[in-house]
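Below is one structure; the comments refer to it alone.
For reference, positions follow the sequence shown, starting with 1. Numbering of ligands and ligand atoms starts at 1, following listing order.
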Amino acid sequence: MKKEWKVENADGSYTVRTCGWSPPGEHPVGCGMKLTVKDGQLVDVEGDPEHPITNGRLCVRCLTLPEYVHHPNRITTPMKRDPKDRGKDKWTPISWDEAWDIIIPKINQLKQDHGAESIIVFGGTGREACLYYYPLAFASIGTPNVSQPISGWSCYGPRCAITDFILGAGYPEIDFAGNYPDRYDNPNFELPQYVVIWGKNPLYSNPDGFFGHSIIDMKKRGTKFIHIDPRMTWLGTRSEYVCRLRPGTDTALALGFLNVIINEELYDKEFVEKWCYGFDELKERVQQYPPKKVADITWVPESTIIEVARTMATAKPCSIQWGLAVDMNPNGVQLGHSILALTAITGNLDVPGGLTLGPPSSLLGKWRMETRSNLSDELWDKRLGAKEWPAVGAVMATTHPDETLDTLETGKPYKLRMAWINSTNVLAPSSAVQPERWYKALQQMELIVAQDLFHNPTTMALADIFLPLPTFAEHNGVVITNYGRNAITLGAMNEALRVGDTKSDLEVCMELGKRLHPDMWPFETVQDFFTNQLQPELGIDFEGLSELGVYQPPYDYRKYEKGLLRMDGEPGFNTVTGLVELSSTLFENWGDDALPYYKEPPYGPVSTPELFKEYPLILTSGARRTTSFHSEHRQIETLRDIDPDPLVELNPETAAKLNINHGDWVELENMFGKCRMKAHLTTTIHPKVCHAQHGWWYPEKEGEAPSLFGVWDANLNTMIPHKTIGTLGFGAPYKQMICKAKRVEGPELS
Ligand SMILES: Nc1nc2c(c(=O)[nH]1)N[C@H]1C(S)=C(S)[C@@H](COP(=O)(O)OP(=O)(O)OC[C@H]3O[C@@H](n4cnc5c(=O)[nH]c(N)nc54)[C@H](O)[C@@H]3O)O[C@H]1N2
Ligand SMILES: Nc1nc2c(c(=O)[nH]1)N[C@H]1C(S)=C(S)[C@@H](COP(=O)(O)OP(=O)(O)OC[C@H]3O[C@@H](n4cnc5c(=O)[nH]c(N)nc54)[C@H](O)[C@@H]3O)O[C@H]1N2
Ligand SMILES: [Mo]
């Protein structure tokens, strides 16, 4: 049905219907909203009740968008600074042409003198930029080096990689009827009897294309929940079963569930027989994980382990929603493997109400892959860390993050000379661990370009050229859930207004690309670019998508029966054996066990008992809040009023022993670093565990170095080690460190 996407109002204002992505940050749900503009000002944001997924519901970050768009600190014109003034607030406004006149000759000179690989593009998470920083590197600049500087590639990448290895499919998302215009009433959909929420907090994080409140929709219709999390959350209190486990011990728990399901013969024998490889080996392996032993490791009672396992196997359908706790764990590949095995052997893979599987390739993602054709094989082979970490190299089109820091520090195997920071705040406690090392290493770059909307610790410390971005209210785009790896919806992002002289990520790619590699950029406008991709698959152009608002691609269940998962069109899975690999045919070649196994977290009561005496609290971190997207939004007043300070959650019993009161400033410290946060006392956290927030800096503090907006004061990631990662190169201990806590006077470290 055609709908007007822009309507004029009687008072001279107009209203634009759009789907949000970024900036400001959001994972690609594409929340539907109506933006009203009057006299060049965004004056109102309302949820769009006609959006098939969000139905008018919005979070506080969208509702405060006018404050963000018109914030006095926003930078709306390109700026330059002499590299010798890095860290000082000495910026000069320039035009875009002047910016290109500095950037382009430098790129050409570096390519000629040192090869394109001497240039590196850094990109962050989840935002629209994720679609475009790969082409920025490959097809606009011409370098093979793109890096998300997160130790162990610990976000989403591991889950996608494991799925690729074990199932040969795109991202597995729980079925929440997102593909159907009539949603839960569609006759093809079946309401899950149970959903397991494993190391994820979707009501706050709405990650990757899953609208968290679908959980509430399904609960209202009767779905029950199993919650696996060291913290008791709102959702936990409304779940049938809760496994409040020791952080980082998840793989033992998963193997314990498998032990019960296999030994009690509760699995789907027909599915295992027909579609799984390595069941006997897995059966033998899980004998090492009887529930009693698993209870000792994980702190989850033996009886709960048995009951939950039986429920997972007998509830039909039952799906598992896995989250960041899988990625942020050096034992996470084995955890992901076990979770997929649980889903497979209980017959819940790609069935209505189970775990949906993305087809092997899809829209926008396909184009993104094609941009790699701009690079010769010889250049592609120079991608940093791809040889040292072949599993990462095989599935991620990036450098290995930890290897990248080593290269920056040592100049081996070659020296990096120019950095382009696209959507990451490296120094804030976001992507990087050991941020002081990144800070020092990046100083050596001859040129640093950064694209952002506000100054942040990283741009103030390091950038020489600042390229300003428009918010999602200010540019055209397409929101694609799961970045195309399992596209549940495609939403139109329609430009409602433009503040200042900004360019979107795609516009920057196109402008730079047309100057450096014009053959890769044959599109006249952003609309042309999207039409070029939408037309062949959807039969509509960009304007058509704007009129439609949201496109919901049709969904096929049981694709493995129909030959829809493999390139050769044969039934089965797109793996070496054509089956779900309960025992992996790949892992041994990369130096890892073919079967899942439990490994203790690198620091803790078992691995490092001596250190644990000194640092007796288990530290997990980074559970999302709705008021920020990582380090973003800290200067938005309404949001900061809700969450004014960085918090560490401590159990009152533990706090009492440490003489810490609710609201006291606390110093957290371990063998790698320290930071300060405010104590939030709550019984929802286990007495032996504390949870600290990430992404904190203080826009109101001094911006110039050494303060850099107070970035070192609450910098949790100084406490997380570099390169303490899994055997295949995935997973770092962001959510399972150790520390001690003491009461202090204020937030400043020095
Ligand atoms: N201790 C701990 N640390 C963590 C985590 C944790 O749980 N615990 N979580 C980690 C995870 S999962 C991730 S993904 C990382 C995230 O880390 P980062 O990706 O580095 O996230 P941000 O710090 O928000 O930095 C993103 C920057 O991009 C800018 N930006 C916003 N939208 C856009 C856009 O559309 N285009 C461009 N070019 N720029 C944009 C923002 O203004 C901001 O300055 O943090 C990780 N850090
Ligand atoms: N508002 C907002 N939304 C966001 C983001 C944001 O910064 N702000 N970031 C986005 C990004 S990049 C990502 S990757 C997603 C992540 O989204 P999620 O996957 O939901 O990740 P988190 O919120 O970090 O943590 C989820 C839960 O894991 C629990 N947990 C901690 N340690 C462990 C453990 O060892 N085992 C288990 N089982 N659970 C554990 C935490 O207590 C928390 O409740 O969110 C995205 N959405
Ligand atoms: Mo992330």
Side-chain angles (χ1 to χ4, degrees), residues 21-27 29 59-61 122-130 132-133 136 148-151 154-157 197-208 210 212 227-233 235-236 243 245-250 253 321-329 335 421-433 450-459 467 469-472 475 477 504-505 508 601 618-633 649 685 689 691-695 697 716-717 719-720 733-737:
W21 196 349
S22 77
E26 199 218 76
H27 260 202
V29 167
C59 85
V60 69
R61 296 196 312 286
F122 289 106
T125 190
R127 300 164 165 115
E128 195 191 2
C130 286
Y132 304 115
Y133 55 69
L136 174 70
Q148 179 160 354
I150 183 168
S151 180
S154 299
C155 167
Y156 191 66
I197 307 282
W198 200 320
K200 189 166 196 151
N201 199 3
L203 290 172
Y204 289 84
S205 55
N206 299 292
D208 308 312
F210 179 76
H227 192 249
I228 304 178
D229 196 308
R231 296 185 314 142
M232 176 57 81
T233 66
L235 193 58
C243 301
L245 82 175
R246 169 159 70 98
T249 62
D250 299 69
L253 188 63
Q321 192 175 56
W322 52 352
L324 197 48
V326 177
D327 305 326
M328 297 195 149
N329 181 338
L335 173 58
I421 297 177
N422 172 275
S423 54
T424 173
N425 191 353
V426 188
L427 303 192
S430 293
S431 282
V433 299
Q451 284 174 274
D452 221 302
L453 298 97
F454 293 89
H455 272 309
N456 62 38
T458 306
T459 61
L467 301 178
L469 288 161
T471 64
F472 70 77
H475 68 278
S504 72
D505 288 300
V508 165
I618 296 176
L619 168 68
T620 183
S621 72
R624 278 41 177 164
R625 304 280 302 166
T626 45
T627 48
S628 66
F629 200 90
H630 302 290
S631 72
E632 211 178 352
H633 298 95
E649 290 169 14
I685 191 117
V689 180
H691 165 260
Q693 295 177 352
H694 78 303
W697 58 291
L716 176 67
N717 289 7
M719 299 170 68
I720 302 170
Y734 285 82
K735 293 198 191 291
Q736 39 184 288
M737 285 305 297

Exercise. Side-chain contact test, heavy atoms from C-beta onward, threshold under 4.5 Å: evaluate it for C130 versus Q148 and give yes or no.
Key: no
Quiz prompt | Minimum side-chain heavy-atom gap I720-S151 below 4.5 Å | solution = no
Practice problem: Indicate the atoms forming the closest heavy-atom contact of H475 with T471, along with that distance. | Solution: ND1-O, 2.9 Å
Quiz prompt | Heavy-atom nearest neighbour of atom 40 (C) of ligand 1 within options S628, S423, G622 | solution = S423
Self-check item: Identity and distance of the protein heavy atom lying nearest atom 8 (N) of ligand 1
Solution: S621 OG, 3.0 Å
Exercise. Check whether any N or O atom of G323, backbone or side chain, sits under 3.5 Å from an N or O atom of ligand 2, and answer yes or no.
Key: no
Quiz prompt | Min side-chain heavy-atom separation H633-T627 under 4.5 Å | solution = no
Quiz item: Does an N or O anywhere in R231 fall below 3.5 Å from an N or O of ligand 2?
Solution: yes
Quiz prompt | P247: numbered ligand 2 atoms lying under 4.0 Å from its heavy atoms | solution = 35 (O)
Exercise. Decide whether the shortest distance between a heavy atom of N206 and an atom of ligand 2 is less than 4.0 Å.
Key: no
Quiz item: Is ligand 1 less than 4.0 angstrom away from at least one heavy atom of I720?
Solution: yes
Practice problem: List every atom of ligand 2 that sits less than 4.0 Å from any heavy atom of Y204, numbering the atoms from 1 in the order shown and giving each element. | Solution: 1 (N), 2 (C), 3 (N)
Quiz item: Is there a nitrogen or oxygen of S154 sitting under 3.5 Å from a nitrogen or oxygen of ligand 1?
Solution: no
Exercise. Considering the heavy atoms of T125, write down every atom of ligand 2 situated less than 4.0 Å from one of them.
Key: 12 (S)
Self-check item: The one among G126, P149, P24, S430 that brings a heavy atom closest to atom 23 (O) of ligand 1
Solution: S430
Self-check item: Close side-chain approach of H630 and R624, heavy atoms under 4.5 Å
Solution: yes
Quiz item: Does the side chain of K200 reach to within under 4.5 Å of the side chain of P207, using non-hydrogen atoms?
Solution: yes
Quiz item: To the nearest 0.1 Å, how far is atom 12 (S) of ligand 1 from its closest protein heavy atom, and which atom is that?
Solution: R624 NH2, 3.1 Å
Quiz item: Which of the numbered atoms in ligand 2 are below 4.0 angstrom from a heavy atom of R61?
Solution: 1 (N), 2 (C)
Quiz prompt | Protein contact of atom 1 (N) of ligand 1 - nearest heavy atom, named by residue and atom, plus distance | solution = N717 OD1, 2.8 Å
Practice problem: Identify, for atom 26 (C) of ligand 1, the protein heavy atom at the shortest distance, and state residue, atom and that distance. | Solution: R127 NH1, 2.7 Å
Quiz item: I228 to ligand 2: N or O pair under 3.5 Å?
Solution: yes
Self-check item: Nearest heavy-atom neighbours spanning L453 and L469
Solution: CD2-O, 3.5 Å
Self-check item: For ligand 2, the portion of S205 having any non-hydrogen atom under 4.0 Å away
Solution: both
Exercise. Examine ligand 2 and decide if any of its atoms is less than 4.0 Å from a heavy atom belonging to L245.
Key: yes
Self-check item: Closest protein heavy atom (residue, atom, distance) for atom 20 (O) of ligand 1
Solution: T424 OG1, 2.7 Å
Quiz item: Does L324 approach ligand 2 within less than 4.0 angstrom via side chain, backbone, both or neither, non-hydrogen atoms only?
Solution: both
Quiz item: Looking at G199, which atoms of ligand 2 are within less than 4.0 Å of one of its heavy atoms?
Solution: 19 (O), 26 (C), 27 (C), 28 (O), 37 (C), 38 (N), 39 (N)
Quiz item: Out of curiosity, Y156 OH to D208 CG, how far, rounded to the nearest 0.5 Å?
Solution: 5.0 Å
Practice problem: State whether the shortest distance between N or O atoms of P23 and N or O atoms of ligand 1 falls below 3.5 angstrom. | Solution: yes
Quiz item: Considering only heavy atoms, which of D452, T459, V433 lies nearest to atom 43 (C) of ligand 1?
Solution: D452
Quiz prompt | Any N/O pair T620/ligand 2 closer than 3.5 Å | solution = yes
Quiz item: For ligand 2, is Y156 a contact, meaning one of its heavy atoms is under 4.0 Å away?
Solution: no
Quiz item: Is the backbone N or O of N456 less than 3.5 Å from a side-chain atom of W697, with the two atoms forming a donor-acceptor pair by type?
Solution: no
Quiz item: Hey, is Q736 one of the residues with a heavy atom under 4.0 angstrom from ligand 2?
Solution: no
Quiz item: For atom 10 (C) of ligand 1, which candidate among M328, M737, E128 provides the closest heavy atom?
Solution: M328
Quiz prompt | N422 N/O to ligand 1 N/O under 3.5 Å | solution = yes
Quiz item: Who's the nearest protein heavy-atom neighbour of atom 17 (O) of ligand 1, and how far?
Solution: S431 OG, 3.0 Å
Quiz prompt | Ionic contact status for E26 with R61, cut-off 4.0 Å | solution = no
Quiz item: Between S628 (side chain) and S631 (backbone), is there a donor-acceptor pair under 3.5 Å?
Solution: no
Quiz prompt | Donor-acceptor contact below 3.5 Å, side chain E632 vs main chain G25 | solution = yes
Quiz prompt | Element-labelled atoms of ligand 2 that are located less than 4.0 Å from some non-hydrogen atom of C155 | solution = 14 (S)
Quiz item: What part of T458, side chain, backbone, both or neither, has a heavy atom within less than 4.0 angstrom of ligand 1?
Solution: neither
Quiz item: Which atoms of ligand 2 are found less than 4.0 Å from any heavy atom of G248?
Solution: 34 (C), 35 (O)
Exercise. Select one of side chain, backbone, both or neither to describe which atoms of H630 lie under 4.0 Å from any atom of ligand 2, heavy atoms only.
Key: both
Practice problem: With atom 5 (C) of ligand 1 as the reference point, say which of H694, H455, E26, Q148 has the nearest heavy atom. | Solution: H694
Practice problem: Could you check if a side-chain atom of L324 sits within less than 4.5 angstrom of a side-chain atom of C155, using non-hydrogen atoms only? | Solution: yes
Quiz item: Backbone or side chain, does any N or O of R625 fall under 3.5 Å from an N or O of ligand 2?
Solution: yes
